[in-house]
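Keep in mind the model is a prediction, meaning the values are calculated, not measured. In the text below, chain A, chain B and the rest are named by the order of the sequence lines, each starting its count at 1.
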2 protein chains.
Amino acid sequence: MKWKELEEEPCSMARTIGVIGDRWTLLILRECFLRTRRFEGFQSALGITRHLLAERLKKLVRQGILRRIPYQESPKRHEYILTQKGLDLYPIMMAIVHWGDTHMVDERGRPLLHQHRKCGKDFDPVMVCSECGEPLSAKGVHTHPGPGARSAPAAAAPTTSKTKARSRAA
Amino acid sequence: MKWKELEEEPCSMARTIGVIGDRWTLLILRECFLRTRRFEGFQSALGITRHLLAERLKKLVRQGILRRIPYQESPKRHEYILTQKGLDLYPIMMAIVHWGDTHMVDERGRPLLHQHRKCGKDFDPVMVCSECGEPLSAKGVHTHPGPGARSAPAAAAPTTSKTKARSRAA
DNA sequence: ATTGACAGTTCTATTTTAGAACTATATGTT
DNA sequence: AACATATAGTTCTAAAATAGAACTGTCAAT
C-alpha cells in the first residue's frame, strides 16, 4: 500500500494514521507538547537525522498541524508551533502516555506526572461519553455506519483482486 | 535510532510508540477492535503483505497485546484475541478516530458512528481529569518529573556523541 | 579571519517494506 | 485418484524509507 492512499480511505482512523502514524512524527509531536519549537531543539532532543526531521516538519506544516513562524530576520529563522488542529491531538498523546504509564513502566514508576491546573491534583486521563459522562470501554460501545460510510451497512462490495484490501470504515 | 531502544527510554510515550507506533500495527489493532481475529481476515481487510502481517502479529503476541488461541486441531489453527492490555488501548483508538472525525472527514461526513450502549446515544469521546472530571486540554495541564524520571528536573546528563538524543522524559 | 549557532540539503549504505510466489495440512469435489 | 479450496504461514527479489555523516549558507561574536 502507498501511504498516500491511506489519507483517502473512508476511515477516520486510517486517515489520521496516514498523517501522524509513524514513529518520528509521534515523537516530534511529543516534543511540540513539551514546548520544543526549533529545528535544533527537535534534533538534539530526539536524535533524529536532520534529513528526516526536515521532511517530517514540512509534512506537519502541510497538514496544518504545525505553523512555521519567523522569529528573527537575517538570517531568517522560524519556529514550529502547534495550530489548533495540532493542539487537538492532545487526547491522543495523553492516551498513549497513559497506556504506557499503565503497562510499560519499570520498578521506578512513571517518568512524568500530570497536574491539572484547574483542580491542582495529579491525575490520569479518563475517556468518557460526551452524552452521559460515563467512562467508555470497547465492550460498551456499538459502532454503526455513518453518512460517510463507503459501502452498504452489511457487506462491502468485493474487489476484484484477491490481495486487495476490502473497504472497511471506521 | 534502533527502535528496540525506544522501549527502554524513560518516557511512557516513547515506550508505547515502540510497541504500537507504526502504521500497520495501528491498522491491525483497528481490525482487532472491529472483531477481526484470523490471519486471512486481517490480510484481506487490510491488504497488508502476509510477511509483514505474520511479523506484526508475532510482535503483538510477544508484547501481550494479543493472545494466540487455537480454534481447531488438524490442521492447527489459531485466532488472535485482544488481551486486557490490548483492550486498554481503546482510548488511544477512540482518540485517533475522533481527531480524524473532527479534522479529516470529507463532505460526506463520518464513516462510522459510535453508540454508547449504556445511554443509547451516539457520542464523541471526551478526555477528562480523573480527579475532578473536567475536560482536559494541553494548556490546562502542567507536567512534572515522577519517580521514574531519569534525570534531575533541570538538565539531563549530557551524552558523549553530539548527535545522540538528550534524555527526555514523558 | 576564525569560530560557532542555526536551519537546512545532499550523499551513500543499510534496513524495511512491497509484491509475488511457494509450502504445508486438511477438507471437499469430480 | 486427481484436483481445487481454505487457512496460515515462509521465502524470495525489487523498491522505498531511514540512518549516518558530511556539506551549504547566513549571520553574530571573538
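Residue contacts shown for Phe42(A) are absent, as no nucleic acid heavy atom lies under 4.0 Å away. Among the atoms of the strands shown, none is found under 4.0 Å from any heavy atom of Arg23(A). Within the 4.0 angstrom heavy-atom criterion, base atoms lie near His51(B). When heavy atoms are screened at a 4.0 angstrom cut-off, Ser74(A) is found touching the sugar-phosphate backbone but no base atom.
Atoms CD (Glu79(A)) and P (dG8(C)) sit 12 Å apart, rounded to a whole Å. One interatomic measurement links the two molecules: CD of Glu40(B) to C1' of dA8(D), which rounds to 7 Å at whole-angstrom precision. One can place CZ of Arg77(A) at 11 Å from C1' of dA28(D), the figure rounded to the nearest angstrom. For the pair Leu52(B) CG and dT11(D) C1', the interatomic distance rounds to 14 Å; values are reported in whole Å. A straight line from CG of Leu53(A) to C1' of dA17(D) spans 16 Å, rounded to a whole angstrom. Between His78(A) atom NE2 and dA5(C) atom P there is a gap of 22 Å when expressed in whole angstrom units. Atom-to-atom, NZ of Lys76(A) to C1' of dC6(C) comes out at 15 Å; the value is rounded to the nearest Å. As a whole-Å value, the separation of Gln43(B) CD from dT10(D) C1' is 14 Å.
Salt bridge annotation for Asp106(A)-Arg15(B): present, with a cationic side-chain nitrogen under 4.0 angstrom from a carboxylate oxygen. Ion pairing between a basic and an acidic side chain is recognised when a charged N comes within 4.0 Å of a carboxylate O; Glu40(B) and Arg50(B) show such pairing.
Both Leu29(A) and Val61(A) belong to a single network of hydrophobic side chains, linked directly or stepwise wherever heavy atoms of I, L, V, M, F, W or Y lie under 4.5 Å apart. Taking hydrophobic clusters as Ile, Leu, Val, Met, Phe, Trp and Tyr residues chained together by side-chain heavy-atom distances below 4.5 Å, Leu87(B) does not share a cluster with Ile81(B).
When each of Tyr71(B) and Thr49(A) is assigned the nucleotide of DNA chain D with its nearest heavy atom, Tyr71(B) is the one assigned upstream, toward the 5' end. For the pair Pro75(A) and Ala54(A), both in contact range of DNA chain C, the more 5′-proximal nearest nucleotide belongs to Pro75(A).
Contact check, Trp24(A) against dA19(D): a side-chain N or O comes under 4.0 Å of OP1 or OP2. Contact between the side-chain N/O atoms of Tyr80(B) and the OP1/OP2 oxygens of dT7(D) is not found at any separation under 4.0 Å. The shortest distance between the side-chain N/O atoms of Arg50(A) and the OP1/OP2 oxygens of dA22(D) is not below 4.0 Å.
The stretch residues 57-70 of chain B does not touch DNA chain C, since none of its heavy atoms comes less than 4.0 Å from the strand.
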Identify each donor-acceptor pair in which a side-chain atom of residues 124-137 of chain A lies under 3.5 Å from a protein atom, sequence neighbours left out, and give them as a table.
| residue | atom | partner | partner atom | Å |
| --- | --- | --- | --- | --- |
| Asp124(A) | OD1 | Arg110(A) | NH1 | 2.8 |
| Asp124(A) | OD1 | Arg110(A) | NH2 | 3.3 |
| Ser130(A) | OG | Asp124(B) | N | 2.8 |
| Ser130(A) | OG | Asp124(B) | O | 3.1 |
| Glu134(A) | OE1 | Lys118(B) | NZ | 3.4 |
| Ser137(A) | OG | Gly140(A) | N | 3.4 |

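A tilted orientation is assigned to the rings of Trp99(A) and His103(A), their planes being inclined by 30° to 60°.
A distance-only check finds no donor-acceptor pair linking the side chain of Thr36(A) to the backbone of Phe42(A) [under 3.5 Å]. Without hydrogens or angle criteria, Lys85(A) side chain to Gln63(A) main chain gives a donor-acceptor distance under 3.5 Å.
With hydrogens and angles ignored, no donor-acceptor pair closer than 3.5 Å exists between the side chain of Arg38(B) and the base of dA8(D).
Taking every side-chain heavy atom of Phe39(B) into account, dG9(D) is the closest of dA18(C), dG9(D), dA19(D).
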